[in-house]
Peer 1: 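Would you mind keeping the following structure in view while I ask a few things?
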Protein chains: 2
Amino acid sequence: MVIQAGAIQAGQAAMLADLERRCIDAGLKMTGPRRIILQVLREAGDHPSVETVHQRAKEFDSSISIATVYRTLNILDDMNLVRRHEFNDNYARFETNLDHHYHVIDVATGEVQEFQDRKLEASIERIAAALGYELVDYKLELHGRKKTG
Amino acid sequence: MVIQAGAIQAGQAAMLADLERRCIDAGLKMTGPRRIILQVLREAGDHPSVETVHQRAKEFDSSISIATVYRTLNILDDMNLVRRHEFNDNYARFETNLDHHYHVIDVATGEVQEFQDRKLEASIERIAAALGYELVDYKLELHGRKKTG
DNA sequence: ATAGGTGCAAATTCTTTGCTATTAA
DNA sequence: TTAATAGCAAAGAATTTGCACCTAT
């Protein structure tokens with residue numbers, strides 16, 4: 001099992017080029033707002049809400065509207081370039097690192113932590129196959145309380 | 001691996017008494033609307049939305065308001081007598097069988113199917129312990145496309 | 001040139017809440 | 001009797017959308 005590590009940063013940096021490339025290849029115009037939003041997503045090591053992405057984007061161009069952020073994130077989600085989460089059953093949060101299928105949510109603080117696990121991954125693929133499904137995506141959320149000591 | 005089976009029905013029937021008992025023990029008044037909502041939840045083999053629960057409840061008493069359904073489901077959720085899902089990132093859906101931690105969602109139809117898997121369960125408990133968390137709940141969603149043949 | 005994108009504000013959708021009347025315990 | 005609950009309608013919060021103007025290609 002591998003807990004979130006620094007290596008992820010490199011992975012994310014590599015992703016931006018991939019993100020922009022895929023957007024362009026998909027026929028999307030590379031506009032100012034869009035470029036900024038992609039950059040914000042690349043730099044996000046967390047799971048920002050739409051409003052958070054908007055706030056961060058406005059630091060680069062204060063005229064960017066939240067409607068554009070919503071529209072852009074929906075497009076990226078449709079293209080599977082971003083993963084949407086609803087950790088708190090309240091509003092959407094996004095992540096760009098698509099390797100993060102597993103999350104632990106601290107029920108006390110709401111803090112979200114990623115982890116990976118190869119055995120789990122193997123089980124999931126085996127199960128999907130057994131059920132007759134071609135796996136498109138999967139999410140595992142552990143809700144727990146941090147133990148002291 | 002065990003796919004959802006008829007045995008679940010017996011489990012759910014047993015749950016209602018448990019549900020009502022727990023509600024009463026928690027000091028909740030057992031009112032008409034509440035009793036009906038609990039019955040609807042017991043009889044639900046699916047994952048109904050608030051609106052669906054409301055519609056079903058209205059077949060027993062057309063005067064039941066959706067506000068009461070929202071309030072009741074929130075109480076049950078707080079008491080962990082029901083599990084809230086957001087399969088479609090749009091509105092909440094609920095299930096009363098708390099053994100159903102695993103769901104496969106057909107990306108084409110939205111159909112939701114439960115499954116169980118002991119190996120997976122063991123992995124999850126191991127991981128929570130390794131991360132230093134006391135496991136409160138967990139959810140696994142597989143999003144896939146049904147294979148033909 | 002033009003299809004696609006943007007900002008703004010209004011509209012939608014889901015959910016919560018204030019209030020008054022009602023009711024289980 | 002009385003604290004909890006219900007229904008109703010209004011308020012909130014998150015998200016989407018119509019429209020007129022703008023811009024990457």
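In what follows, every chain begins at residue 1, and chains take the letters A, B, ... in the order their sequences are listed.
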Peer 1: Could you state the atom-to-atom distance from CG of B/Asn74 to C1' of D/dA6 in whole Å?
Peer 2: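 After rounding, the reported distance stands at 15 Å.
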Peer 1: Could you work out which one of C/dT15, D/dT5, D/dT15 sits closest to the side chain of B/Val50?
Peer 2: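 It is C/dT15.
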Peer 1: Out of C/dG5, D/dG7, C/dG7, which nucleotide sits closest to the side chain of A/Ile64?
Peer 2: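 Of C/dG5, D/dG7, C/dG7, C/dG7 is nearest to the side chain of A/Ile64.
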Peer 1: Can a side chain N or O of A/Arg71 be found less than 4.0 Å away from OP1 or OP2 on C/dT6?
Peer 2: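 No, no such contact exists.
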Peer 1: Does B/Tyr70 make a side-chain N or O approach to OP1 or OP2 of C/dT16 shorter than 4.0 Å?
Peer 2: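 For B/Tyr70, the contact criterion (side-chain N or O under 4.0 Å from OP1 or OP2 of C/dT16) is not met.
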Peer 1: Using whole Å, report how far NE2 of A/His54 lies from C1' of D/dT15.
Peer 2: 14 Å
Peer 1: Between B/Tyr102 and B/Tyr138, how do the two ring planes meet: parallel, tilted or perpendicular, split at 30° and 60°?
Peer 2: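 Rings of B/Tyr102 and B/Tyr138: tilted, 30 to 60°.
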Peer 1: Is A/Arg56 paired with A/Glu43 through a side-chain N to carboxylate O contact shorter than 4.0 Å?
Peer 2: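 Judged by the 4.0 Å cut-off on N to carboxylate O distance, A/Glu43 and A/Arg56 do not form a salt bridge.
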Peer 1: Considering heavy-atom distances to DNA chain C, does B/Ala67 or B/Gly32 have its closest nucleotide positioned more toward the 5' end?
Peer 2: B/Ala67
Peer 1: How long is the straight-line distance from CG of A/Leu41 back to CG of A/Leu81, given to the nearest 0.5 Å?
Peer 2: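 Interatomic distance, A/Leu81 CG to A/Leu41 CG, rounded to 0.5 Å: 10.0 Å.
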Peer 1: Rounded off to whole Å, could you give me the CZ-to-P distance for the B/Arg93 and C/dT15 pair?
Peer 2: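 After rounding, the gap between these two atoms is 12 Å.
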Peer 1: Taking OP1 and OP2 of D/dT15, is either one under 4.0 Å from a side-chain nitrogen or oxygen of B/Asn90?
Peer 2: no
Peer 1: Write down the distance between CD1 (B/Ile36) and P (D/dA6), rounded to a whole number of angstrom.
Peer 2: 11 Å
Peer 1: A/Thr31 side chain N/O closer than 4.0 Å to the phosphate oxygens (OP1, OP2) of C/dT6?
Peer 2: yes
Peer 1: Identify which nucleotide among D/dT25, C/dT6, C/dT15 has an atom closest to any side-chain atom of A/Met30, counting heavy atoms from C-beta outward.
Peer 2: D/dT25
Peer 1: Could you state the atom-to-atom distance from CD1 of B/Ile24 to C1' of D/dA3 in whole Å?
Peer 2: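 Interatomic distance, CD1 of B/Ile24 to C1' of D/dA3: 17 Å.
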Peer 1: Take atom CZ of A/Arg35 and atom P of D/dT23, then tell me their distance rounded to the nearest Å.
Peer 2: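 Result: 14 Å.
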Peer 1: Evaluate the ring planes of B/His100 and B/His103, with Trp represented by its six-membered ring, and classify them as parallel (under 30°), tilted (30 to 60°) or perpendicular (over 60°).
Peer 2: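 Because their plane-to-plane angle is over 60°, the rings of B/His100 and B/His103 count as perpendicular.
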Peer 1: Out of D/dT15, C/dT6, D/dA6, which has the shortest distance to the side chain of A/Ala92?
Peer 2: D/dT15
Peer 1: To the nearest Å, how far apart are A/Arg84 CZ and D/dT15 P?
Peer 2: 8 Å
Peer 1: Scan B/Ile66 against the nucleic acid and name what it touches under 4.0 Å (heavy atoms): base, sugar-phosphate only, or nothing.
Peer 2: nothing
Peer 1: Is there a donor N/O on one and an acceptor N/O on the other, under 3.5 Å, for the side chain of A/Lys29 and the base of C/dG4?
Peer 2: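 Pair found.
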Peer 1: Check for a donor-acceptor pair, side chain of B/Arg84 on one end and backbone N or O of B/Ala92 on the other, with a separation under 3.5 Å.
Peer 2: no
Peer 1: Round to a whole Å and report the spacing from CG of A/Asn88 to C1' of C/dC14.
Peer 2: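 From A/Asn88 CG to C/dC14 C1': 15 Å.
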